[in-house]
Amino acid sequence: MVALSVILFPPLLIAFLLVMERVEEPLRRPASPREVGEFLDTATADEVDTLASSGIRRALFRWRRRRKGGASTTNPPLV
């Protein structure tokens, strides 16, 4: 059992790191001025409230999710 754990742990760790890199990529990408302008033109009242209370990253996350049309189950960024 220990040998199996030793053999499987590194590949599973690498797979986890690759998945997390994909998750973090949109969070590292700064908002473009065009995107901020579109947000200010088309944001709902809830998204503007999120902008005021939590900042531009979380507000843009909610706005992008609404624009895509699907409600994702991931948590919005806290920063």
Side-chain angles (χ1 to χ4, degrees):
M1 189 66 177
V2 173
L4 186 62
S5 298
V6 169
I7 292 172
L8 290 179
F9 182 73
L12 290 175
L13 180 63
I14 290 172
F16 175 74
L17 292 174
L18 289 172
V19 168
M20 288 309 296
E21 184 178 353
R22 288 211 162 186
V23 169
E24 290 177 359
E25 175 58 31
L27 301 176
R28 283 185 265 155
R29 183 175 42 102
S32 68
R34 179 192 58 80
E35 196 171 39
V36 172
E38 279 184 45
F39 170 79
L40 294 175
D41 290 340
T42 62
T44 63
D46 287 339
E47 292 163 348
V48 173
D49 289 341
T50 302
L51 173 64
S53 64
S54 300
I56 190 73
R57 282 193 178 175
R58 182 172 270 195
L60 280 174
F61 176 83
R62 290 185 66 185
W63 178 71
R64 287 176 185 142
R65 187 177 60 189
R66 180 177 58 90
R67 280 187 46 199
K68 283 183 183 177
S72 73
T73 58
T74 60
N75 292 330
L78 296 175
V79 179

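What you see is a predicted model, and the numbers here were worked out from it, not measured in a lab.
In this structure, Leu12 is a member of the same hydrophobic cluster as Leu4, with clusters built from ILVMFWY side-chain heavy atoms closer than 4.5 Å.
Of the inter-residue distances, the one linking Leu13 atom CG with Leu8 atom CG reads 12.5 Å to the nearest 0.5 angstrom. The distance from atom CG of Leu18 to atom CD of Glu21, rounded to the nearest 0.5 Å, is 6.5 Å.
The other members of the hydrophobic cluster of Phe39, by chain and number, are Val36, Leu40, Leu51, Ile56, Leu60, Trp63 (side-chain heavy atoms under 4.5 Å, ILVMFWY only).
Of the possible donor and acceptor atoms, none in the side chain of Glu25 sits under 3.5 Å from a partner among the backbone N and O of Arg22.
Between Asp49 and Arg62 the shortest side-chain heavy-atom distance does not fall below 4.5 Å. Inter-residue side-chain proximity for Glu38 and Asp41 is flagged as unmet; no heavy-atom pair is nearer than 4.5 Å.
When all heavy atoms are compared, the tightest approach of Thr42 to Arg66 is O-NH2, 2.9 Å.
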